[in-house]
Structure formats: C-alpha cells, structure tokens
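Presented below is the structure to which this report refers.
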Amino acid sequence: MPLTIENLDAYKLAIQLNRLIASLDFPKHRTHLRDQGLRAADSVVLNIAEGMGRGMRTNAGRNHFRIARGSLLEVYAVLDMLGHADTHRERIRTLDKLLYGLQR
C-alpha cells in the first residue's frame, strides 16, 4: 500500500526541486545561499509530508502547507539571486498553486 504522499503531485514536484537545489553549482562567495536554499528546499518537502500526516483538512495540516509555501518562496528568492529563477519559474508556480490548494 503506497504512502499518502507518494502519489501527491506537490510532493513529487517538491522532491524534484529539492534535488535541483542540491545539484546546483553555487559560487564560492555564495555558499551561505546554498545552505539556505537547501534548508528551504528540505522544509518544502518535509512540511508537505507532515501536513499530509496531520490531515489535509485539519488546521495543523493546513499550517504545514502554509509553511511549505513560505519555504518555496524562499527557494525562489535564492534561485533569483543566483540568476536561475527564469529557468525554474514555471515549476515553482505550479508547486505554489498546488500548495495553495492544499492549504485551503
């Protein structure tokens, strides 16, 4: 029996985004952004998982989806500062819409 998050589009996109951040080459003078981007990308994935675990329609679950959206925008900001936002904007917009739907 699959876990409730395995087939969730938001979770799948969050994992892809997480792996993308982990694979990017950051300039040596921007290693702090790599650390922050990784933490934010981890937060997106983990808050989606916890939100599902707490129940999609509970206040606690919705709160985790809100936190995931905040972390997603933080990932976007890191990408934007590095000049990579345009390349990944659609993926981030799609995930943002999915998370917005989950938090409602």
Side-chain angles (χ1 to χ4, degrees):
M1 180 174 179
L3 296 171
T4 56
I5 58 172
E6 288 177 325
N7 295 318
L8 188 67
D9 288 339
Y11 181 78
K12 290 176 189 177
L13 277 173
I15 288 289
Q16 289 174 8
L17 186 63
N18 186 283
R19 290 177 181 160
L20 165 79
I21 293 293
S23 71
L24 286 177
D25 287 328
F26 284 75
K28 295 250 189 266
H29 68 284
R30 301 293 237 165
T31 57
H32 63 286
L33 288 180
R34 181 180 181 358
D35 294 341
Q36 190 66 29
L38 286 170
R39 280 194 302 274
D42 288 351
S43 176
V44 175
V45 172
L46 296 173
N47 276 292
I48 291 170
E50 189 158 357
M52 290 298 292
R54 301 230 178 221
M56 287 177 57
R57 301 295 170 226
T58 66
N59 286 337
R62 284 193 286 267
N63 187 51
H64 282 284
F65 299 134
R66 275 192 289 275
I67 293 167
R69 279 187 79 208
S71 294
L72 176 64
L73 294 179
E74 191 174 352
V75 169
Y76 176 80
V78 168
L79 290 171
D80 201 17
M81 286 187 275
L82 295 171
H84 295 294
D86 290 342
T87 308
H88 305 289
R89 184 173 281 120
E90 271 316 302
R91 179 183 303 182
I92 291 173
R93 281 186 179 159
T94 300
L95 182 50
D96 185 50
K97 287 176 188 175
L98 291 170
L99 289 171
Y100 180 75
L102 288 170
Q103 80 178 44
R104 293 195 69 196

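We count residues from 1, following the sequence as given. It should be emphasised that the depicted structure is a prediction, and the values quoted were computed from it without experimental measurement.
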Between [atom1] on residue [X] and [atom2] on residue [Y], distance to nearest 0.5 Å:
X	Y	atom1	atom2	value
Ile48	Ile5	CD1	CD1	8.5 Å
Leu98	Tyr11	CG	OH	15.0 Å
Leu79	His88	CG	NE2	6.0 Å
His32	Gln36	NE2	CD	9.0 Å
Arg34	Leu24	CZ	CG	8.5 Å
Leu99	Ile67	CG	CD1	12.0 Å

TODO: Evaluate the side chain to side chain contact (heavy atoms under 4.5 Å, CB included) criterion for residues Phe65 and Arg69: first the C-alpha distance (whole Å), next the side-chain angles of each, then the deciding distance (0.1 Å), finally the verdict.
DONE: CA-CA 6 Å; Phe65 299 134; Arg69 279 187 79 208; 6.0 Å; no

TODO: Using a 4.5 Å cut-off on heavy atoms from C-beta on, say whether the side chain of Leu82 contacts that of Pro27.
DONE: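 The answer is yes, as the side chains (C-beta and beyond) meet within the 4.5 Å cut-off.
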
Task: Within one Ile-Leu-Val-Met-Phe-Trp-Tyr cluster: Tyr76 and Met81, side-chain cutoff 4.5 Å - done: yes

Open item on the list: Test of understanding: clusters of I, L, V, M, F, W, Y form through side-chain heavy atoms closer than 4.5 Å, transitively. Do Leu46 and Leu20 belong to the same one?
Closed with: no

Task: Check ion pair Arg89-Asp86 (N to O, under 4.0 angstrom) - done: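 Looking at Asp86 together with Arg89, the answer is yes, because their closest N to O distance falls below 4.0 Å.
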
Residue pair [X] / [Y]: nearest heavy atoms and the distance that separates them:
X	Y	answer
Arg57	Gly101	NH1-O, 4.3 Å
Ala68	Asn47	CB-CB, 3.9 Å
Gln103	Arg66	OE1-CG, 3.2 Å
Ala60	Arg54	CB-CD, 3.7 Å
Leu17	Leu72	CD2-CD1, 3.4 Å

Using a 3.5 Å distance criterion without hydrogens, assess whether the side chain of [X] forms a donor-acceptor pair with backbone atoms of [Y].
X	Y	result
Arg62	Leu102	no
Asp80	Ala85	no
Ser43	Arg39	no

Task: Candidates Thr31, Val78, Asp35, Leu38 - the one meeting side chain to side chain contact (heavy atoms under 4.5 Å, CB included) with Phe26 - done: Val78

